[in-house]
Every structure is written in structure tokens, then in C-alpha cells.
Amino acid sequence: MKFTPLAATIAAVTLCAGALANAATLDGTSDAQIAPVQSQQNAPEPQTVPTPQPAALVIQNSGEIVQPIPQDAVQEDEDFASLSAAVAAQDAQADPSDELECLAVGIYYESKGEPLAGQLAVAQVLINRTQSGRFPKSVCSVLTQRGQFSFIRGGKIPTPPSNAQWRQALAVAQVAQKDLWDGPADEALYFHARHSKASWARPRIASIGNHIFYR
């Protein structure tokens, strides 16, 4: 069969139109099917933002420290309005250390019943001696040094009764040991009772209650 030029042209146009129609159908189907998939792939994944923790609540149940606590948020010492307030804030420990107990024993037997300032001054004398280089380096050894304190018999430290005065002596000892209050006899190394006839050529620092304190 022999095609004429006009017939060949019509056939070519028909074939092109059919091809374009098929291409349009394929493109429409492809876009409709692929678009949702692309949308799911390109969508950002949701992120969980952790809730900020307060600076103080940084320790987990396991004991692991997650965030360091600022040093300026921790106060080692507390300011008190008076010596009596400082003494009242202390814990009368049931099982004090040897040094604290010896300090309280010295306070109790030398100044129980004295004003708190006088009890603190006695404690400061004992502590000052341990730091002076002229006396033993522990409070217990200062107490038992021969000829220094009349309540020591045979080099043995007595055991005070468990009463209110003893608990107060323990509290005053803690104030002195922690250096929570500046007493009037901060630099004293010696003291004696008012009724004593001792005549010491030492600088006199203070007279508190029934005691006179010297450097």
C-alpha cells in the first residue's frame, strides 16, 4: 500500500498526539504517587527538648552529678546576730570527735555557769595554745600537760555528767572550733580566776566573768 504525502502527515500527527497523551498520563500518575513519599522524607523529625533543671537539683537517683553546683551558691559559714544565737544553732553531738570533746571538757570544768563570752574565751585559750608552738598541738594534750589545769588528776581527763551545762559546753566548743564568733580574748594564751593571787607580768587582754585573760 502506498501512502500519499497528506496521509503520511496525518498519521505522524496522530502518533505524536497519542504519545503526548500517554506521557501526560504517566507524568500525572507519577507525581501523585511520589509527592506524598517526598513529603514524608523531607519533613523534619520531631525533637524532644529536655526540661531545664534548676541549678540545685543536679543529682540523679544514681548519685551521678549531671550539672555542677555553682560554688557561690554554697555558704560554708553562717552569720549570726549574737553569740547566743551561734551557740543555739549548734548540734549538741552525741558522739563528738576527741578534740571537740576535750575542748568541751575544758570549757565545762573551767567555766560552766560563766557567761557565754567567758566560756568562749576559755575555748579560745585552749585552741590558741595548740597553734602557738609553745604548747602541745592537740587540745587533749594541752589539757593533760602537767600543772596546767587543776581539774586534771593523774593525767586523766574526767567525764562530765550529761546535763544542760555539758550540752552548752559542747555547743560553745563547736562555735570556737568553727571560728563562728570573735570573742574578746581571741589572742589569749593564759587565764586565771579572779580570786587567784597570781601576779603575772603578761599583757592583760580581758576580764570576763570570773576570769582574767592574758596574752
Side-chain angles (χ1 to χ4, degrees), residues 76-215:
E76 295 183 359
D77 295 331
E78 185 177 354
D79 293 331
F80 298 99
S82 64
L83 174 56
S84 60
V87 171
Q90 304 310 307
D91 178 21
Q93 302 179 28
D95 186 21
S97 66
D98 291 342
E99 282 292 277
L100 181 61
E101 185 169 4
C102 286
L103 189 59
V105 167
I107 295 169
Y108 180 84
Y109 284 105
E110 288 292 337
S111 60
K112 64 178 182 293
E114 291 286 296
L116 289 178
Q119 295 185 46
L120 179 62
V122 168
Q124 289 173 329
V125 166
L126 297 176
I127 292 174
N128 290 343
R129 287 192 175 191
T130 66
Q131 300 169 353
S132 70
R134 289 181 277 172
F135 296 88
K137 294 183 179 181
S138 72
V139 174
C140 296
S141 296
V142 165
L143 287 184
T144 56
Q145 189 176 17
R146 182 175 296 181
Q148 296 298 309
F149 297 95
S150 60
F151 67 87
I152 298 293
R153 305 288 177 83
K156 295 182 180 179
I157 298 176
T159 301
S162 181
N163 55 24
Q165 289 180 319
W166 169 243
R167 288 189 293 272
Q168 185 179 71
L170 272 173
V172 173
Q174 291 176 67
V175 171
Q177 195 177 65
K178 298 174 186 176
D179 196 18
L180 298 179
W181 194 262
D182 293 331
D186 282 349
E187 299 180 356
L189 285 172
Y190 306 90
F191 66 89
H192 65 71
R194 284 181 179 274
H195 58 75
S196 173
K197 296 180 180 180
S199 178
W200 292 349
R202 301 180 183 279
R204 180 169 169 171
I205 295 179
S207 178
I208 309 169
N210 291 323
H211 292 92
I212 302 174
F213 295 86
Y214 300 84
R215 185 178 294 111

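These figures come from a predicted structure and were not determined experimentally.
Closest heavy-atom contact between Pro160 and Tyr109: CA-OH, 3.5 Å. When all heavy atoms are compared, the tightest approach of Ala121 to Ile208 is CB-CD1, 3.9 Å. A pairwise comparison of heavy atoms in Phe191 and His211 identifies CD1-CD2, 3.4 Å as the closest pair. Counting all heavy atoms, side chain and backbone alike, Arg202 lies closest to Tyr214 at O-CD2, 3.6 Å. In terms of heavy-atom proximity, Gln165 sits nearest to Gly113 at NE2-N, 3.9 Å. When all heavy atoms of Ser82 and Ser84 are compared, the pair lying nearest together is OG-OG, 3.0 Å.
For the pair Asn128 (side chain) and Ala188 (backbone), a donor-acceptor distance under 3.5 Å is present. Remark: the backbone N or O of Trp200 is not paired with any side-chain donor or acceptor of His192 at under 3.5 angstrom.
Glu99 and Gln177 form no side-chain donor-acceptor contact under 3.5 Å, judged by distance and modelled atom types alone. Side-chain N/O atoms of Gln145 and Arg129 include no donor and acceptor closer than 3.5 Å.
Using a 4.5 Å heavy-atom cutoff, the side chains of Ile152 and Pro158 are in contact. For the pair Val175 and Gln90, the minimum side-chain heavy-atom distance is below 4.5 Å. Inter-residue side-chain proximity for Phe151 and Leu143 is flagged as met; some heavy-atom pair is nearer than 4.5 Å. Residues Gln124 and Phe213 fail the side-chain proximity criterion, which asks for heavy atoms closer than 4.5 Å. Two residues are said to be in side-chain contact when any heavy atoms from C-beta on lie closer than 4.5 Å; Val122 and Glu114 fail this criterion. In this structure, the side chains of Pro161 and Tyr108 come closer than 4.5 Å at one or more pairs of heavy atoms.
To the nearest 0.5 Å, atoms CD (Gln131) and CG (Leu189) are separated by 10.0 Å. Of the inter-residue distances, the one linking Ser162 atom OG with Leu170 atom CG reads 9.0 Å to the nearest 0.5 angstrom. The CG atom of Leu120 sits 7.5 Å away from atom CD1 of Ile107, with the distance rounded to the nearest 0.5 Å. Within the model, atoms CD1 of Ile212 and CD1 of Ile205 stand 12.5 Å from one another, a figure rounded to the nearest 0.5 Å. Ser141 OG to Gln148 CD: the interatomic distance, rounded to the nearest 0.5 Å, is 12.5 Å. Interatomic distance, Lys112 NZ to Gln119 CD, rounded to the nearest 0.5 Å: 10.0 Å.
A side chain to side chain contact (heavy atoms under 4.5 Å, CB included) with Phe149 is found for one member of Leu126, Ile157, Val105, Thr144 and no other, namely Leu126.
Within the structure, the salt bridge (charged side-chain N to carboxylate O under 4.0 Å, His left out) test picks out the following pairs touching residues 182-199 (sequence neighbours left out): Glu187-Arg215. For residues 143-159, no pair satisfies salt bridge (charged side-chain N to carboxylate O under 4.0 Å, His left out), with sequence neighbours left out.
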